[in-house]
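Here is the structure we will look at, set down as structure tokens.
Every chain is numbered from 1, with letters handed out A, B, ... down the list of sequences. Basis for what follows: all heavy atoms, side chains included, without hydrogens, waters or symmetry-related copies.
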Amino acid sequence: MSRIVGIDLGTTNSLVAFVEGTAGLPRVIPDAEGRTLLPSIVAFTPDGVLVGDAARRQLVRRPESTVYSVKRLMGRGYEDIKDELCYFPYKVLPCEGIVKIDLGGRAVTPPEVSAIILKALRERAEAYLGEPVEKAVVTVPAYFNDSQRQATKDAGRIAGLDVVRIVNEPTAASLAYGLHRLEAGVIAVYDLGGGTFDVSLLRVKDGVFEVLATHGNTRLGGDDFDRAIVLWLLDDIRARHDAYLGRDAEAMQELRLAAEAAKIRLSSDERTTLTIPFDAFTYHREITRADVEGLVGRLVDATLGPCRLALADAGLAPADVDEVVLVGGSTRVPLVRRRVQELFGRTPHSQLNPDEVVAAGAAVQAHILEGGFTNMLLLDVTPLSLGIETLGGIVSVLVPRNTTIPTSARELFTTSVDGQAVVDMHVVQGERELAKDCRSLARFELGGIAPMPAGMPKIEVVFLIDANGILQVTAKELRTGKAAAIEVKPTYGLSEADVERMVEDSFAYAEADVEARLLIETRNEADTVITHVERALRQGGELVAADERAAIRRALEELTRVRGGADRDLIHERTVALNRATEHLAERMMDAALKGALGSKRAAEIMASRGDA
Amino acid sequence: MNHFEVFELPRKLGIDTAELQRRFYALSRRWHPDFHQAAPPEAQARALEASARLNAAYRTLRDPIARVEYLVRLEEGRPTREGAAVGPTAPPELLEEMFEIQEALAEAKAGGLDADGHRRLAAERDRLVARHRDEEARLAGPLAAAWDAADAGERPRVLAACKQALATRAYLATVIDDLTEALGESQEGHVTHRRH
């Protein structure tokens, strides 16, 4: 059997891992520079498509065509997300049940964007392993519904990957821990990522990982922490500089990145300093861990309700939980750890890197499917109840939530009018009693029913949820024994034809080759430096002597001249030279900006504390 | 194949759940789709179906009440339809009391509850919860044992008693839900017992 890799397609970062045959241990695959995390960001530039760190550098320069957190849009309709859209600098439009991202002249669907990320991971794996990679296990939040799972599978296909299994992220994490670190017992996995929250309760025994219950929120994660901080910064900037930046897309990206970096620093430090140079002024202030905890406390508390519901569904009390595992970058936030510890009354595990543990678990599941780890077996559940709409819009539940998958349910349908040839049914997912409050999955049309008096036909419909948590529907007319024709109209999602077309398009749009991509990255880096230097000269040119200013201008011209050429090394060289020529000016500007605010603290230290934000 | 046959168990209600779990894990290792990835499509489809059947059987048989409900359906010859085996029926000895509760509920809906009314309803609810628990204990205990000991002649009588207890339990669950809602204590996302 060919190799299967494990992929964590995250809101903020994505990773690829595999199980090394000899050691039997999962290993996260690094890129050529040794980085394991691929930022889940795709930039559509006039020169081509960038992904990962290169795309991240475009966030401020091209906010309207640099797509981040696309996972929040996967498998959703416009109505689901319209409240969130004000936070995204790129334009999202409704399009036949799903959404598209408008890049000006070209629109892409969320699965196509995710496919670009998957393809980059695939190439990374192929380069590392030295063999073609065609199959993958991809993880999704446990609380993802059918449409979101299907969208993830579609993304794989567009990227040329056969997604042989969709695995829930917390369960994947438990597999990674389960290799060596867990005793038999009940474990709780608390997974707070960039955009989603899941909690899963499992019983681990004799190599079997049986999920007892899962709950979550697919719109709650570190992104929301950042937003809360940004809103607070906006108010603070308005108060101190009399400027409202909420409608300035570039400034908003600067703020978002600075908020994220500050949040990360405050996981280890009690206080930190933010310094953000804008065109008209430089914003500077100190922020403490307590400040941020005040801002995100409500969000952290919102994760505790799902934990209690999962416990109730599993028929367990917090004290029945033997071990707690933390997954996802947001569990580095000390307040999160404190709340989890209070709820379960025990110190959570976090020995494995919370950013990498899901990918490692996906690799373990991939290895199981390859025929390795024969002792391990994962029994997962479907997170949401599946039902059909009946008279009066009431939902009749066919598969209750937290049922072990695969699972199936049968339902008999008949006609209500003589000679009726077609029967409609509406399948929904969710916990509410009325269909309109649940998530509409699809409308099915059962056709080709032989003419009979009303109520005579007996059509047996089988709803099967497979091991991926994805629904398959088949139907049979029992009197004739013939399979009934089913036409599926998915409420949200791509049609088969759409996916086919996108698979073809993805080849047409494929980035030329590695060299071409590196050239684009180098040019973009040059552009970023050019923009910064021009701004610095405008704002603070008089802070340095005239001959120094002239030297900077010369370096600037030299870079501008070669920027459009094809010599990547030359562009890089001139970029470095320009950076060096501007160092002194940058330092003087920092000193000027901070004078009075910080006393004797050196500007260089401030710069360092800004990190790479 | 019915749920008992899946586990090669006799059609009895006394089941050792630890042993059931052991068999469930062993059969999962045989049928779970994970172990049939490389098989031809028909074999994969067979494994998927067997695995779904196994999961349904385990879900039903591990729970003593679901087990009785399933047995009733099986004995009545309609084992495939999921959902309640019997509709909710008020227990005769509680009819008058139920009438009063329904009246109080209607009042609560119309005009809100004062502290005293709240206390009364809450006490009523707690009493019914206890009664509900007793009914479940009766089903899982004496009634299940009676079924397992009954010969062919006695079975219809025991089955009828089981149905009666299930109907009472379903009725109590509905009233408890209504009371909880009227008391404003229902939890979002917690509609589990409405289904049965």
Side-chain angles (χ1 to χ4, degrees), chain A residues 1-2 4 135 164-165 203 205-208 210 215 305-306 308-309 312-313 315 365-366 368-371 373-382 384-385 387 395-412 430-433 460 462-468 472, chain B residues 3 17-18 20-39 41 44-66 73 78-84 136 174 177 181 186-196:
Chain A
M1 188 162 216
S2 62
I4 308 173
K135 293 181 175 182
V164 291
R165 174 61 51 83
R203 177 178 291 120
K205 194 179 173 187
D206 307 330
V208 178
E210 183 193 359
H215 223 287
R308 293 192 191 97
L309 287 173
D313 272 6
Q365 177 65 33
I368 293 173
L369 297 179
E370 285 170 342
F373 292 145
T374 48
N375 181 46
M376 290 176 91
L377 171 61
L378 168 60
L379 299 170
D380 218 322
V381 299
T382 178
L384 298 157
S385 300
V395 177
S396 164
V397 172
L398 298 171
V399 179
R401 69 166 182 266
N402 290 322
T403 296
T404 308
I405 52 175
T407 185
S408 65
R410 276 155 226 278
E411 187 76 9
L412 281 182
E431 310 309 322
R432 307 284 296 274
E433 285 180 52
E460 185 192 59
V462 178
F463 301 84
L464 183 119
I465 299 178
D466 67 14
N468 302 308
Q472 303 171 6
Chain B
H3 291 345
T17 46
L20 187 75
Q21 188 192 61
R22 201 190 56 75
R23 289 194 195 188
F24 172 58
Y25 288 172
L27 288 166
S28 291
R29 287 185 190 282
R30 186 187 307 169
W31 291 117
H32 195 277
D34 278 6
F35 302 126
H36 299 268
Q37 285 286 308
Q44 283 197 30
R46 248 194 331 273
L48 186 59
E49 197 180 312
S51 182
R53 190 163 52 220
L54 173 64
N55 287 334
Y58 181 57
R59 185 180 176 87
T60 303
L61 295 188
R62 73 179 169 189
D63 173 42
I65 306 299
R73 281 204 302 274
R78 44 189 187 94
T80 55
R81 183 71 173 79
E82 292 291 323
E136 291 200 333
T174 313
D177 273 359
E181 202 185 320
S186 59
Q187 251 179 311
E188 174 73 27
H190 231 188
V191 286
T192 333
H193 12 358
R194 288 244 167 223
R195 279 199 289 270
H196 300 297

Self-check item: Residue among B:Glu49, B:Arg29, B:His36 with most heavy-atom pairs under 4.5 Å to chain A
Solution: B:Arg29

Quiz item: Do side-chain atoms of B:Gln44 reach the backbone of B:Ala39 as a donor and acceptor pair under 3.5 angstrom?
Solution: yes

Self-check item: Residues that B:Arg22 engages under salt bridge (Lys or Arg N to Asp or Glu O under 4.0 Å), provided they are two or more places apart
Solution: B:Glu19

Self-check item: Nearest-0.5 Å distance that lies between atom CD1 in A:Ile368 and atom CZ in A:Arg165
Solution: 9.0 Å

Exercise. Identify which part of B:Gln21 has an atom lying under 4.5 Å from any heavy atom of chain A, answering side chain, backbone, both or neither.
Key: side chain

Quiz item: Picking from A:Asp466, A:Ile405, A:Thr374, A:Asn375, which has the most non-hydrogen pairs under 4.5 angstrom with chain B?
Solution: A:Asn375

Quiz item: To the nearest 0.5 Å, how far apart are CZ in B:Arg62 and CZ in B:Arg59?
Solution: 6.0 Å

